[in-house]
Amino acid sequence: MVTDIHDYLAEFDDIPGTRVYTAARARKGYQLNQFAMSLMKEENRKRFHADERAYLDEWPITDEQKQAVLDRDYNRLLDLGGNIYFLSKLFSSDGLSFVQAVSTMTGMSVEDYQAMMNAGGRSPEGVRSIKDKN
């Protein structure tokens, strides 16, 4: 049984292929998520797509977060504090569906990802711990 909160929260980082959205991750990504939410407004989407770097420079986000946005590296954005529901504003502004965007995060084709999800999702069998894998 884990009694220290830091030990408990560290266990979340040991889940392969999963990023648990903790308070620490929320604090880290607050401004990144605010940027993503700004894309709900059409005028902001137009400004962003006209000059992505200039628009990003208006936000107090890190250079690493900016580069991950420019690269559309959704896994990296999650690592940097992005919340998938806020980031959905980014990929939908690019004309991608949730399934299309998330499939890029798995390394699977859209068709393979959709078939896996329709069949019940990722199997719970296999590697259950990053530490145990190494």
Side-chain angles (χ1 to χ4, degrees):
M1 178 176 207
V2 178
T3 57
D4 180 81
I5 186 67
H6 301 291
D7 292 341
Y8 173 74
L9 292 173
E11 289 182 8
F12 292 146
D13 292 329
D14 190 41
I15 305 168
T18 301
R19 291 153 181 93
V20 177
Y21 196 69
T22 60
R25 200 167 255 144
R27 284 189 297 277
K28 184 177 183 180
Y30 178 79
Q31 291 295 333
L32 172 63
N33 292 315
Q34 292 301 301
F35 147 74
M37 290 302 290
S38 78
L39 299 177
M40 290 179 65
K41 294 183 178 179
E42 183 178 3
E43 63 267 20
N44 291 339
R45 289 191 301 272
K46 287 180 180 177
R47 286 183 47 236
F48 173 65
H49 287 293
D51 188 341
E52 293 184 2
R53 184 62 195 216
Y55 189 81
L56 288 170
D57 285 342
E58 296 175 19
W59 293 89
I61 61 178
T62 68
D63 288 337
E64 192 175 13
Q65 288 170 326
K66 290 175 187 178
Q67 192 59 54
V69 169
L70 294 171
D71 294 342
R72 300 306 196 269
D73 186 342
Y74 301 118
N75 284 323
R76 188 73 191 124
L77 287 166
L78 293 177
D79 290 338
L80 297 171
N83 177 293
I84 192 65
Y85 298 106
F86 295 139
L87 295 177
S88 69
K89 306 324 182 234
L90 174 60
F91 54 74
S92 66
S93 80
D94 288 338
L96 296 177
S97 70
F98 210 92
V99 170
Q100 289 170 315
V102 175
S103 71
T104 70
M105 299 166 70
T106 65
M108 301 172 78
S109 71
V110 172
E111 297 77 19
D112 288 345
Y113 177 77
Q114 195 162 24
M116 176 191 69
M117 295 307 290
N118 287 337
R122 185 174 58 183
S123 170
E125 301 302 318
V127 179
R128 305 285 297 198
S129 166
I130 295 170
K131 290 183 296 196
D132 293 347
K133 182 179 178 182
N134 298 329

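The analysis underlying the following values was restricted to heavy atoms, covering all of them including side chains, and did not include hydrogens, waters or symmetry mates.
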Exercise for the section: Could you tell me whether a side-chain N or O of D94 sits under 3.5 Å from a main-chain N or O of L96, the two making a donor and an acceptor? Expected result: no

Handout entry: Interatomic spacing from CZ in R47 to CD in E58 - rounded to 0.5 Å
Key = 4.0 Å

Problem - Beyond-backbone contact of Y55 with N44, side-chain heavy atoms, under 4.5 angstrom - result: yes

Would you tabulate the side-chain donor-acceptor contacts of residues 109-117 under 3.5 Å, counting partners in other chains and residues two or more places apart, or write 'none'?
residue: S109; atom: OG; partner: D112; partner atom: N; Å: 3.0
residue: S109; atom: OG; partner: D112; partner atom: OD2; Å: 3.4

Problem - Verify same cluster id: V69, Y30 (apolar side-chain graph, 4.5 Å) - result: no

Exercise for the section: Could you check if a side-chain atom of R53 sits within less than 4.5 angstrom of a side-chain atom of L70, using non-hydrogen atoms only? Expected result: yes

Problem - L32 side, atom CG; T62 side, atom OG1 - distance, nearest 0.5 Å - result: 8.0 Å

Handout entry: Greater than 12 external heavy atoms within 6.0 Å of F98's CZ
Key = yes

Handout entry: Smallest separation among heavy atoms of G29 and Q65, with atom names
Key = CA-NE2, 4.1 Å

Practice task
Of all the heavy-atom pairs spanning S103 and T106, show the shortest one and how long it is.
Solution key: O-OG1, 2.8 Å

Handout entry: Shortest non-hydrogen separation from N75 to M105 and the atoms involved
Key = ND2-O, 3.0 Å

Fill in the blank from the handout: Separation between CZ (R76) and CD (Q67), nearest 0.5 Å, reads 11.5 Å

Exercise for the section: Examine distances only and state if a side-chain atom of N33 and a backbone atom of G81 form a donor-acceptor pair shorter than 3.5 Å. Expected result: yes

Exercise for the section: Could you state whether L80 and L87 fall into the same hydrophobic cluster, counting links through intermediate Ile, Leu, Val, Met, Phe, Trp or Tyr residues with side-chain heavy atoms under 4.5 angstrom apart? Expected result: no

Exercise for the section: Output yes when a side-chain donor or acceptor of R25 lies under 3.5 Å from a complementary backbone atom of V20, and no otherwise. Expected result: yes

Practice task
Look only at the side chain of R45 and the backbone of M40, and say whether a donor-acceptor pair between them is shorter than 3.5 Å.
Solution key: yes

Handout entry: Steps toward side-chain contact (heavy atoms from CB on, under 4.5 Å) verdict (R72, L90)
Key = CA-CA 9 Å; R72 300 306 196 269; L90 174 60; 3.8 Å; yes

Practice task
Determine the minimum heavy-atom distance between W59 and K66, stating which atoms define it.
Solution key: O-CE, 4.0 Å

Handout entry: Hydrophobic cluster identity match, L78 and F86, side-chain contacts under 4.5 Å
Key = no

Problem - Atom OH of Y21: over 12 foreign heavy atoms under 6.0 Å - result: yes

Handout entry: Any donor-acceptor pair under 3.5 Å from K89 side chain to K41 backbone
Key = no

Completion exercise
Value for CG (L56) from CZ (F35), rounded to nearest 0.5 Å, stands at 5.0 Å

Practice task
Quick one: do K46 and E42 satisfy side-chain contact (heavy atoms from CB on, under 4.5 Å)? Show the steps, please.
Solution key: CA-CA 6 Å; K46 287 180 180 177; E42 183 178 3; 3.3 Å; yes

